[in-house]
> 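Have a look at this one before I ask anything.
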Amino acid sequence: MPTNKMTIGNIHSIESCGTVDGPGIRFVVFMQGCPLRCQYCHNPDTWKVGEGQQMTVKELMAEVVKYRSYMKFSGGGITLTGGEPLMQLDFVYEVIEACKKEGIHTAIDTSGYVFNDRAKKIIDAVDMVLLDVKHSDPEQYKIITSGRLAPTLQFLDYLGEINKPVWVRYVLVPKLSDQPEAIENLAIILSQYSNIERIELLPFHKMGEFKWKELGLEYKLSDTEEPDKMAIIDAMAILKKHNLNIVTG
Ligand code: SF4
């Protein structure tokens, strides 16, 4: 992939000083486009790839470098998320390469659903990956996301092969993803990979519900409660049994 400063990205929004998407203070770029349709998605307004603000790599980098001292001081960097950043492969690759030239740490937050040779080039180039695993059972994965689990597991295998630092994210949703056997199975899968540095167990919340309504979409989780403390503690206990490093949001 040659670097071309005119490559244009479709960007949903930017958060210049994020603190939840990777280490330190992050310049977080929410990209348009997602192949999945998660029932609990907070950002359904990112789903369509052609929407949002168009920016060249050069324009985006002009913003990124303004925050370089915050990033450096805090051990942070840039995180490309979405939506699904791997829906805009050329743009994301070029931004990562440009950040590396500037000495800025890079991360992508991805479901791992887009897994092909061009995605591999990005995975090779980026400093770390935040991998969102929605469920450990293919059928339940399909119910939650409308997509297949297999590409994410292949993606994870590749991350293991090249020893890329990974933080796995798992959203705990009552009745959808809190089955003890599913969490146990997840723990068995994840404990095979020494490159996974932490698991972030994220309790489901409904902050994105209003967006579904604004977009005229049916939000199926209106009656689903947020998980209570005990449900979170139980899930953490299962993961900890497998010596995984767990943090909860
Ligand atoms: S992968 Fe992320 S952006 Fe895409 S539908 Fe799921 S939660 Fe939303």
Side-chain angles (χ1 to χ4, degrees), residues 9-15 18 20-22 26 28-53 78-89 91-92 107-116 119 122-123 126 128-156 159 166-178 182 186 199-222 224 226-227 248-249:
N10 285 66
I11 291 168
H12 170 271
S13 56
I14 286 169
E15 193 183 340
V20 294
D21 295 302
R26 317 285 311 175
V28 185
V29 185
F30 294 85
M31 308 286 302
Q32 284 292 142
C34 187
L36 298 182
R37 295 291 179 264
C38 301
Q39 289 191 29
Y40 53 71
C41 184
H42 308 152
N43 296 319
D45 47 343
T46 63
W47 286 351
K48 291 190 184 157
V49 74
E51 297 184 346
Q53 185 192 352
I78 187 172
T79 300
L80 295 140
T81 180
E84 169 54 64
L86 298 182
M87 292 291 278
Q88 299 189 60
L89 290 159
F91 183 80
V92 166
I108 54 167
D109 175 19
T110 173
S111 69
Y113 192 73
V114 179
F115 186 58
N116 54 35
I122 291 175
I123 305 167
V126 77
M128 74 172 293
V129 173
L130 309 173
L131 184 66
D132 304 299
V133 182
K134 317 287 185 178
H135 205 274
S136 62
D137 171 69
E139 280 175 27
Q140 192 62 15
Y141 191 95
K142 178 119 201 163
I143 290 168
I144 294 173
T145 68
S146 300
R148 292 188 311 122
L149 171 62
T152 301
L153 296 181
Q154 288 165 3
F155 196 104
L156 182 58
L159 294 170
V166 176
W167 291 5
V168 168
R169 301 175 132 182
Y170 189 82
V171 180
L172 194 71
V173 191
K175 299 202 177 88
L176 266 191
S177 64
D178 66 345
L186 177 76
I199 322 291
E200 294 187 332
L201 189 66
L202 307 173
F204 160 70
H205 62 72
K206 289 190 247 189
M207 287 193 300
E209 183 176 4
F210 76 97
K211 292 188 184 175
W212 287 69
K213 293 196 172 138
E214 278 176 7
L215 293 166
L217 299 167
E218 183 199 356
Y219 188 71
K220 292 192 181 144
L221 303 181
S222 292
T224 301
E226 296 179 4
T248 184

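These values consider heavy atoms only, across backbone and side chains, with no hydrogens, waters or symmetry-generated copies. First listed ligand is number 1; within each ligand, the first listed atom is number 1.
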> I'd like to know if the side chain of S13 reaches the main chain of F30, judged simply by a donor and an acceptor atom lying under 3.5 Å from each other, with no hydrogens or angles considered.
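No: the side chain of S13 does not pair with the backbone of F30.
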> So which protein N/O/S atoms does atom 8 (Fe) of ligand 1 have within less than 2.8 Å?
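Correct list: C41 SG.
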> Keeping the roles fixed (side chain from S177, backbone from H135), state whether a donor-acceptor pair exists under 3.5 Å.
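Judged by distance alone, no pair lies under 3.5 Å.
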> Taking atom CD of E51 and atom CG of D45, what is their separation to the nearest 0.5 Å?
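Reported value, rounded in 0.5 Å steps: 8.5 Å.
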> Going by the rule ring-ring contact (aromatic ring centres under 6.0 Å, His included), which residues pair with Y219 if we only count those two or more places apart in sequence or in a different chain?
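Per chain and number, Y219 pairs via ring-ring contact (aromatic ring centres under 6.0 Å, His included) with W212.
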> So which heavy atom on E200 is nearest to which on R169, and how close?
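Looking at all heavy atoms of both residues, the closest pair is OE1-NE, 2.8 Å.
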> List the closest protein heavy-atom neighbour of atom 2 (Fe) of ligand 1: residue, atom name, distance to the nearest 0.1 Å.
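Among all protein heavy atoms, the one nearest atom 2 (Fe) of ligand 1 is K134 NZ, 3.9 Å.
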> Do we see a donor-acceptor contact under 3.5 Å between the side chains of S222 and E209?
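Yes, because at least one side-chain N or O of S222 sits under 3.5 Å from a partner of the opposite role on E209.
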